[in-house]
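Have a look at the structure below before the remarks.
Heavy atoms only: backbone and side chains are in, while hydrogens, waters and symmetry mates are out. Note that this is a predicted model, so its numbers are computed, not measured.
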Amino acid sequence: MEPDASFAVQMCGIVKEFGAFRALDRVDLAVKRGSIHAVLGENGAGKSTLMNVLYGLYQADEGAIFLNGERVEINSPTDAIAHGIGMVHQHFMLVDNFTVTQNIILGDEACGAAGVLDMRRARESVTRIIDEYGLEVDPDAKIEEISVGQQQRVEILKALYRGADILILDEPTAVLTPQEIERLIKIMRDLAAAGKTIIIITHKLKEIKASSDACTIIRRGAQVGTVSVADVDEGELAERMVGHHVNLVVEKTPAEPGEVVLSIRDLVVRDERGIDAVRGLTLSVRAGEIVGLAGIDGNGQRELVEAITCLTRAASGTVSVKGAEIQNTSVRNVHAHKVATIHEDRQRRGLVLPFSVAENAVLERYREPEFGRRGVLDRDRMRSFADELIRAYDVRPADCADRPASALSGGNQQKVIIAREVSGDPDVLIAVQPTRGLDVGAIEYVHRALVAERDRGTAILLISLELDEVMSVSDTIAVIYNGRITGTFKQGEVDENRLGLLMAGGEA
């Protein structure tokens, strides 16, 4: 690839190795100035590694980087910022009790002649950038007082304040409502029209189609190709990414719900500050039904799950499984009532990473006589049980029973968790963000597994920040806002705009 000043970014022959593992194998990336360019790939494909090389968090072992036709050395984020590169991470890096202005200038403060912080001048600079790019955020508001979408704009403003002409956005729509996503796409287009160059890392094919000019696809550390987004559909993008056909539509027959299995009545749960996070919530899930809970992160979902699973105490109200109250008992009692949970954070709550796959497979069942007697575990039986799950759920590599769970990819870790949780034939399955961070191939697998478990008669509570997932997988959709259920709909009765309004606290 020859240096070309019409490209804001050219990454040529990038190689990055971690020990014996080659994460990037001579990857090329060329991004036109003033364009929106998507980087797409499976989990572990190398797309985040490539962007971390561009931002200076990693240094390439081989290859070169050119900005506007000139070769540059980027050995740290400080170098990247000096070259006009800014990065907005998926998890925002903001100080909640600081104002918008204070967060934006943090680390790059405007000081007067005596070295005193000049907040008036800083606020004027911030306001000028807000007005110039139409980012619509109050410079004097505290971060804890503004929406998630506005917080994201603050992160973009931080980069623009430091003079960024190239913006890297990592999974930028992960926690946004449909309305906020539309607003973000407009912001990206406005920035591109003003001459800024945007690179987005995302799994969301629909949003690539809606926002991007070009898309570079990476598979197993190698570049598959770069396409004009206008010339391909979502199915083609998915197939190029994983190397085989992917069904983007969740295939399922209409639900045939039975009796109520999980019943939550007037539940109140307080957060770690003693403030009500769940406020008189009432919800039911029937056998053979998937109830999807739609909501913006931070509206009581975490506290609800922790109360159901007895990881925290409920202040009042009841949680019943088949008529038996389980609130404020114990995790063991929850398991005894055949409640299985796919936790949001698979690495902190779902698995013990240093343990082997076989040990993780029996975490909740090791007391059963099948796996040992008199306090001595039957390692051979554990291993054969794990091998059965590995075969049934296509966990890769197939010989991983004795390997630590940390050695598996995110998608395969998730398969281990799902296999373990459904192997006990649960009456209730709570699936929290079950496809978070997974590529479309792994997402397809997880959705099929949830539908199969529903068809077996399990009552499933699906809690997801992905509205498309809630709408496509659920039989019934409930909206949570500020710790309360604000609406309940059957699948097909409501569109994403109405759900988005309810999720943001509006009336639809």
Side-chain angles (χ1 to χ4, degrees), residues 39 47-59 74-111 117 119 122-123 125-127 129-130 133 135-177 180-181 183-184 187-188 191 196-204 207 271-273 296-299 301-302 344-345 347-348 410 433 436-437 465:
V39 179
K47 56 190 183 300
S48 293
T49 302
L50 184 67
M51 290 300 98
N52 285 334
V53 168
L54 179 59
Y55 193 59
L57 291 168
Y58 297 151
Q59 285 71 55
I74 301 177
N75 296 312
S76 68
T78 302
D79 290 344
I81 292 167
H83 284 296
I85 301 172
M87 189 166 184
V88 177
H89 298 274
Q90 181 176 353
H91 302 289
F92 305 149
M93 299 180 180
L94 301 171
V95 182
D96 283 350
N97 59 353
F98 277 21
T99 67
V100 167
T101 297
Q102 289 169 333
N103 271 277
I104 290 169
I105 68 170
L106 189 62
D108 193 18
E109 295 85 350
C111 296
L117 182 61
M119 283 303 300
R123 188 185 183 283
S125 297
V126 168
T127 302
I129 298 171
I130 290 172
Y133 296 104
L135 289 168
E136 296 176 9
V137 62
D138 180 358
D140 301 315
K142 288 188 176 180
I143 295 299
E144 61 192 3
E145 299 169 348
I146 63 177
S147 71
V148 174
Q150 289 174 319
Q151 290 177 25
Q152 187 176 61
R153 292 175 211 168
V154 175
E155 288 282 19
I156 293 172
L157 283 163
K158 282 169 59 178
L160 295 174
Y161 181 80
R162 288 157 177 75
D165 288 315
I166 300 163
L167 281 170
I168 305 167
L169 307 182
D170 185 6
E171 297 288 350
T173 64
V175 293
L176 303 185
T177 67
E180 288 172 327
I181 291 168
R183 178 63 186 143
L184 174 64
I187 288 169
M188 290 194 295
L191 288 168
K196 304 297 183 183
T197 302
I198 315 290
I199 304 174
I200 63 170
I201 307 169
T202 182
H203 292 299
K204 298 184 179 180
E207 285 151 28
D271 63 17
E272 60 273 7
R273 300 168 296 172
I296 300 170
D297 197 18
N299 276 277
Q301 297 97 318
R302 178 172 61 84
E344 175 180 5
D345 190 334
Q347 297 193 345
R348 291 183 60 194
Q433 291 285 84
R436 186 174 193 170
L465 303 180

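- Atoms CG and CZ, from Leu184 and Arg153 in turn, are 8.5 Å apart once rounded to the nearest 0.5 Å.
- Taking 4.5 Å as the limit, some side-chain heavy atom of Tyr55 sits within range of a side-chain heavy atom of Ile85.
- Tyr161 and Ile129 make their closest contact through CA-CD1, 3.6 Å (heavy atoms, listed as atom of the first residue, atom of the second, distance).
- Summarising the geometry, atom NE2 belonging to His89 is positioned 8.5 Å from atom CD1 belonging to Ile168; distances are rounded to the nearest 0.5 Å.
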Applying side chain to side chain contact (heavy atoms under 4.5 Å, CB included) to Ile200 and Met188, what does each step give before you reach the verdict? CA-CA 10 Å; Ile200 63 170; Met188 290 194 295; 3.8 Å; yes
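- Between Arg183 and Glu180, none of the side-chain N atoms (NZ, or NE/NH1/NH2) sits under 4.0 Å from a carboxylate O, so this pair counts as no salt bridge.
- The main-chain N or O of Glu144 is never found under 3.5 Å from a side-chain atom of Asp96 such that the two would form a donor-acceptor pair.
- Once rounded to the nearest 0.5 Å, the distance linking CD1 of Ile130 with CG of Leu135 reads 7.0 Å.
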Check against side chain to side chain donor-acceptor pair (under 3.5 Å), Thr173 and Glu207: CA-CA 9 Å; Thr173 64; Glu207 285 151 28; 2.3 Å; yes
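- For the atom pair CG (Asn75) and CG (Leu57), the distance works out to 12.0 Å, reported to the nearest 0.5 Å.
- For the side chain to side chain contact (heavy atoms under 4.5 Å, CB included) with Ile143, the lone residue among Val100, Asn97, Thr99 that qualifies is Val100.
- Taking each heavy atom of Ala80 and Leu54 in turn, the nearest pair found is CB-O, 4.1 Å.
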As a quick check of understanding, evaluate side chain to side chain contact (heavy atoms under 4.5 Å, CB included) for Thr197 and Asp165, giving each step before the final call. CA-CA 6 Å; Thr197 302; Asp165 288 315; over 6 Å; no
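- The existence of a salt bridge linking Glu272 and Arg302 is confirmed by a sub-4.0 Å separation between a basic side-chain nitrogen and an acidic carboxylate oxygen.
- In this structure the side chain of Met51 reaches within 4.5 angstrom of the side chain of Ile199, judged on heavy atoms.
- Atom CG of Leu169 is separated from atom CG of Leu191 by 8.5 Å, given to the nearest 0.5 angstrom.
- Rounding to the nearest 0.5 angstrom, the gap separating the OG1 atom in Thr101 from the CG atom in Leu106 is 12.0 Å.
- No side-chain heavy atom of Asp138 sits less than 4.5 Å from a side-chain heavy atom of Gln150.
- Nearest heavy-atom pair across Leu465 and Gln301 is CD2-NE2, 4.0 Å.
- Taking both residues in full, the closest heavy atoms of Met119 and Ile105 are given as SD-CD1, 3.8 Å, listed atom of the first, atom of the second, then distance.
- Of all heavy-atom pairs spanning Ile74 and His83, the tightest one is CG1-CD2, 4.2 Å.
- Salt-bridge check for Asp140 with Arg123: passed, with a basic side-chain N closer than 4.0 Å to an acidic carboxylate O.
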Going through the checks in order, is the side chain to side chain contact (heavy atoms under 4.5 Å, CB included) test met by Asn52 and Met87? CA-CA 9 Å; Asn52 285 334; Met87 189 166 184; 3.8 Å; yes
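- Heavy-atom minimum distance, Lys196 versus Leu160: CE-CD2, 3.9 Å.
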